[in-house]
Amino acid sequence: MSSPSPRLAPARRSAPGPRAAPGWSAVSGVVAGLVLVAVAELLSLAFSSSSAPFVAVGSAFVDIVPPRVKDLVISLFGTRDKLVLFASMSVVYAALTALIGRLGATRPRPAAALLAGLGVLAMVLVLTRAQNSVLDVVPTLLGTVVAVPTLLLLLRTVRAPAAVGDAGAAWTRRRSLLGVGAVGLLAVVAAVTARSVTASRELARRSAQYVLPAPRSTAEPVPADAQIELAGMPPFVTPNSEFYRIDTALAVPRVDPTTWQLRIHGLVDQELTMDFAQLLEEPMIEKQVTLACVSNPVGGDLAGNATWLGVPVRTLLERAGVKDGADMVLSRSIDGFTASTPLEALTDDRDSLIAVGMNGEPLPVQHGYPVRMVVPGLYGYVSATKWLTELKVTTFAEDVAYWSTRGWTERGPIKIASRVDVPRSFGELSPDGEGAVMLGGTAWAQQRGISSIEVQIDDGDWRQAELGAEVSADTWVQWSLRWEDAEPGDHSVTVRATDGEGELQTSQRANPAPNGASGWHTVRFSVL
């Protein structure tokens with residue numbers, strides 16, 4: 001009788017290894033991305049303002065966006081366009097890093113490689129910025145070097161415990177998640193601190209600024225009746241803090257006036273280079289000039305009037321000696337922006353300035369500190385270069401400027417513009433004791449001035465509005481109209497202007513691109 005064969009014991013299954021929970025892996029990716037940005041932001045304090053990766057990536061995006069898209073964004077968000085761009089970039093970046101983290105739940109090394117790839121892309125874009133050198137990639141490089149191992153460490157931290165019934169599993173998980181949250185919080189604090197330090201440093205720099213030189217001629221006095229005394233009307237002289245800002249700089253360039261220089265070259269008899277101290281020694285004049293952005297829609301507020309202090313551009317061009325054949329001056333900002341200004345606008349009798357002061361103060365950093373250009377009669381994209389470093393005397397046939405390569409016209413003369421400021425769109429007005437309501441607004445046509453304003457209520461006849469006092473042909477003018485026996489209910493008001501040369505503002509509506517918006521401004525409102 002044969003003995004029974006021995007029964008083999010069933011093979012013992014090994015416990016599954018820990019794996020990362022997909023949700024928390026995604027969080028780990030986002031936190032690692034925050035670490036990259038936070039380290040780069042902190043280190044960028046020692047480099048240029050555009051060495052921070054978010055600034056470099058955003059600036060590259062601004063460079064390639066079509067003008068019509070830019071106009072759409074500005075029309076929707078106005079001066080908050082940069083905030084919207086950064087918010088949108090943050091959302092996209094968070095989504096990308098979350099996807100990288102999710103991949104890291106099962107494939108941590110490829111995820112780490114992708115995060116490193118984002119850092120490398122940012123470094124390439126940092127190098128595309130005009131004011132940056134190879135050294136300016138250091139913040140993003142070190143941020144990437146720190147972020148990649150941080151991602152791998154966080155992915156290990158959030159791996160699910162192998163034994164689900166382990167009594168310490170819950171505590172282990174809570175401790176892991178607390179660790180991830182702490183790293184994320186520290187990254188956010190570091191990034192915010194870097195931004196705050198930048199702002200504080202700029203404030204400290206401005207508090208220790210130079211004293212503006214006295215002008216050899218002061219600006220035209222503003223008569224009391226230039227300001228229409230009506231609730232809701234803008235001030236005739238726009239405060240620095242309220243002056244519109246539209247430019248391509250996502251981070252305000254850090255310009256040290258002690259090392260700043262202006263170079264004038266090109267088609268000139270002798271090249272000039274001057275530092276800031278030498279510029280301040282030049283005879284300066286003070287002028288009231290209204291600036292306007294070409295992206296301003298009909299009725300928009302991308303215009304402002306200020307008192308500017310500076311050196312006439314023609315003074316320096318005469319000293320350099322402009323050669324025959326030149327018809328354009330290409331001005332360049334420290335951040336690489338360029339503007340093509342017709343030569344005649346800088347050499348005729350208008351007061352085009354290389355400005356150092358605005359409303360009695362040194363230029364605010366966001367408006368071009370320490371030096372910018374101000375040219376009456378031209379839209380800012382061809383004239384109002386901020387953070388100015390260079391003037392190249394050249395020709396339109398030889399050189400093109402930043403926006404000229406993106407579909408805008410090269411010369412940019414300002415069109416006649418008028419708007420209704422009171423009432424605001426869909427606002428309400430209350431009649432006074434005599435049953436009348438007051439309407440008011442602003443109009444400008446730099447270099448020509450405004451001779452008359454006409455207002456149409458509903459489909460009625462055009463009425464002559466009363467003009468406030470004119471300061472000069474280079475400033476805007478305010479207007480008002482008293483509507484007697486205003487009828488309660490819904491109404492519309494339309495405004496049109498005639499310039500100092502007798503030209504009536506066109507009724508034909510046109511979008512800003514490619515040479516500025518046109519058309520009459522209409523506002524719908526109610527009388528109570």
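Electrostatic pairing of Asp399 and Lys392 counts as a salt bridge here, judged by a charged N lying under 4.0 Å from a carboxylate O. Taking a cutoff of 4.0 Å between a charged side-chain nitrogen and a carboxylate oxygen, Asp351 and Arg314 qualify as a salt bridge. Ionic pairing of Asp421 and Arg419 is present here: one or more N-O contacts between side-chain nitrogen and carboxylate oxygen are shorter than 4.0 angstrom. Of the charged side-chain nitrogens involved, at least one lies within less than 4.0 Å of a carboxylate oxygen, so that Arg319 and Glu282 count as a salt-bridged pair. We find that Asp63 and Arg129 are joined by a salt bridge, their nearest charged nitrogen and carboxylate oxygen being less than 4.0 Å apart. Between Arg245 and Asp81 there is no salt bridge, since none of the side-chain N atoms of the basic residue sits less than 4.0 Å from a carboxylate O of the acidic one. Taking the charged nitrogens against the carboxylate oxygens, Glu286 and Arg216 have no contact shorter than 4.0 Å, which rules out a salt bridge.
A distance of 6.0 Å separates CG in Asp327 from CZ in Arg411, rounded to the nearest 0.5 Å. One finds the CD atom of Glu390 at 10.5 Å from the OG atom of Ser333 (value rounded to the nearest 0.5 Å). With values rounded to the nearest 0.5 angstrom, Leu302 atom CG is found 5.0 Å from Ile246 atom CD1. How far CG of Asp458 is from CZ of Arg524: 9.0 Å, rounded to the nearest 0.5 Å. Leu467 contributes atom CG, which lies 8.0 Å from atom OG of Ser451 (distance to the nearest 0.5 angstrom). Put simply, CZ on Phe396 and CE on Met328 are 5.5 Å apart, with the number rounded to the nearest 0.5 Å.
Looking at His521, its side chain does come within 3.5 Å of a backbone N or O of Val420 through a donor-acceptor pair. Without hydrogens or angle criteria, Gln227 side chain to Ala224 main chain gives no donor-acceptor distance under 3.5 Å. Side chain of Arg496 to backbone of Leu504: no donor-acceptor contact under 3.5 angstrom is found. Put simply, the side chain of Trp444 never gets that close to the backbone of Thr290: no donor and acceptor are under 3.5 Å apart. For the pair Trp479 (side chain) and Gln464 (backbone), a donor-acceptor distance under 3.5 Å is absent. Distance alone, capped at 3.5 Å, places no donor-acceptor pair between the Lys287 side chain and the Gly310 backbone. Side-chain atoms of Gln447 do not come within 3.5 Å of backbone N or O of Gly377 as any donor-acceptor pair. Asp499 places no side-chain N or O within donor-acceptor distance of the main-chain N or O of Gly449, the cut-off being under 3.5 Å. Of the possible polar contacts, none joining the Ser331 side chain to the Leu391 backbone as a donor-acceptor pair under 3.5 Å is found. Distance alone, capped at 3.5 Å, places no donor-acceptor pair between the Glu466 side chain and the Ser480 backbone.
Summarising the local packing, CD of Gln508 is surrounded by 12 or fewer heavy atoms from other residues, nucleotides or ligands at distances under 6.0 Å. For CZ of Arg509, the number of neighbouring non-hydrogen atoms (other residues, nucleotides, ligands) closer than 6.0 Å is greater than 12. For Gln278, the CD atom counts as densely surrounded, since its 6.0 Å shell holds more than 12 non-hydrogen atoms of other residues, nucleotides or ligands. For Phe86, the CZ atom is densely surrounded, since the number of other residues' heavy atoms within 6.0 Å is greater than 12.
Across all their heavy atoms, Thr385 and Phe337 have their closest contact at OG1-CE2, 4.0 Å. Trp260 and Met274 make their closest contact through CZ3-O, 3.9 Å (heavy atoms, listed as atom of the first residue, atom of the second, distance). Across all non-hydrogen atoms, the minimal contact from Pro239 to Pro235 is CD-CG, 3.7 Å. Contact record, Thr506 with Ser518: CG2-CB, 3.8 Å, taken as the closest heavy-atom pair. Contact detail for Phe243 and Ala306: the closest heavy-atom pair is CE1-CB, 3.9 Å. Across Leu250 and Ser59, no two heavy atoms sit closer than the pair CD1-N, 3.2 Å.
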(request) Go through Asn132 and Ser48 one step at a time and tell me if the side chain to side chain donor-acceptor pair (under 3.5 Å) criterion holds. (result) CA-CA 7 Å; Asn132 289 351; Ser48 72; 2.5 Å; yes
(message) Evaluate Tyr379 against Asn515 for side chain to side chain contact (heavy atoms under 4.5 Å, CB included), listing each step before the verdict.
(response) CA-CA 9 Å; Tyr379 287 119; Asn515 56 6; 5.9 Å; no
(message) Before you tell me yes or no, could you show the steps for Arg448 and Ile416 under side chain to side chain contact (heavy atoms under 4.5 Å, CB included), namely the whole-Å CA-CA distance, both residues' side-chain angles and the distance that decides it to 0.1 Å?
(response) CA-CA 9 Å; Arg448 292 103 70 203; Ile416 307 171; 3.4 Å; yes
(request) Show your reasoning for whether side chain to side chain contact (heavy atoms under 4.5 Å, CB included) applies to Val255 and Phe276. (result) CA-CA 11 Å; Val255 185; Phe276 194 60; over 6 Å; no
(request) Evaluate side chain to side chain contact (heavy atoms under 4.5 Å, CB included) for Glu434 paired with Arg482, printing each intermediate quantity in order. (result) CA-CA 11 Å; Glu434 298 177 354; Arg482 179 178 172 84; 2.7 Å; yes
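The closest side-chain heavy-atom distance from Val382 to Ser340 is below 4.5 Å. You'll find the side chain of Val252 stays beyond 4.5 Å of the side chain of Tyr369, heavy atoms only. Between Pro342 and Leu378 there is a side-chain heavy-atom pair separated by less than 4.5 Å. For the pair Tyr244/Asn296, no side-chain contact is recorded, criterion being any heavy-atom separation below 4.5 Å from C-beta on. Side-chain atoms of Pro362 and Leu212, non-hydrogen and from C-beta on, do get closer than 4.5 Å to each other. At least one side-chain heavy atom of Leu316 sits under 4.5 Å from a side-chain heavy atom of Ile354. A heavy-atom distance below 4.5 Å is found between the side chains of Leu267 and Thr395. Ser352 has its side chain within reach of Pro376: a pair of non-hydrogen atoms, C-beta onward, lies under 4.5 Å apart.
A donor-acceptor pair shorter than 3.5 Å can be found between the side chains of Thr307 and Gln288. Tyr381 and Thr409 are linked by a side-chain donor-acceptor pair at a separation below 3.5 angstrom, with hydrogens and angles left out of the test. No side-chain donor-acceptor contact under 3.5 Å links Ser472 and Asp474.
A perpendicular orientation is assigned to the rings of Phe525 and Trp483, their planes being inclined by more than 60° (bins at 30° and 60°). In this structure, Trp403 and Trp408 have perpendicular ring planes: the angle between them is above 60°, well past the 30° mark.
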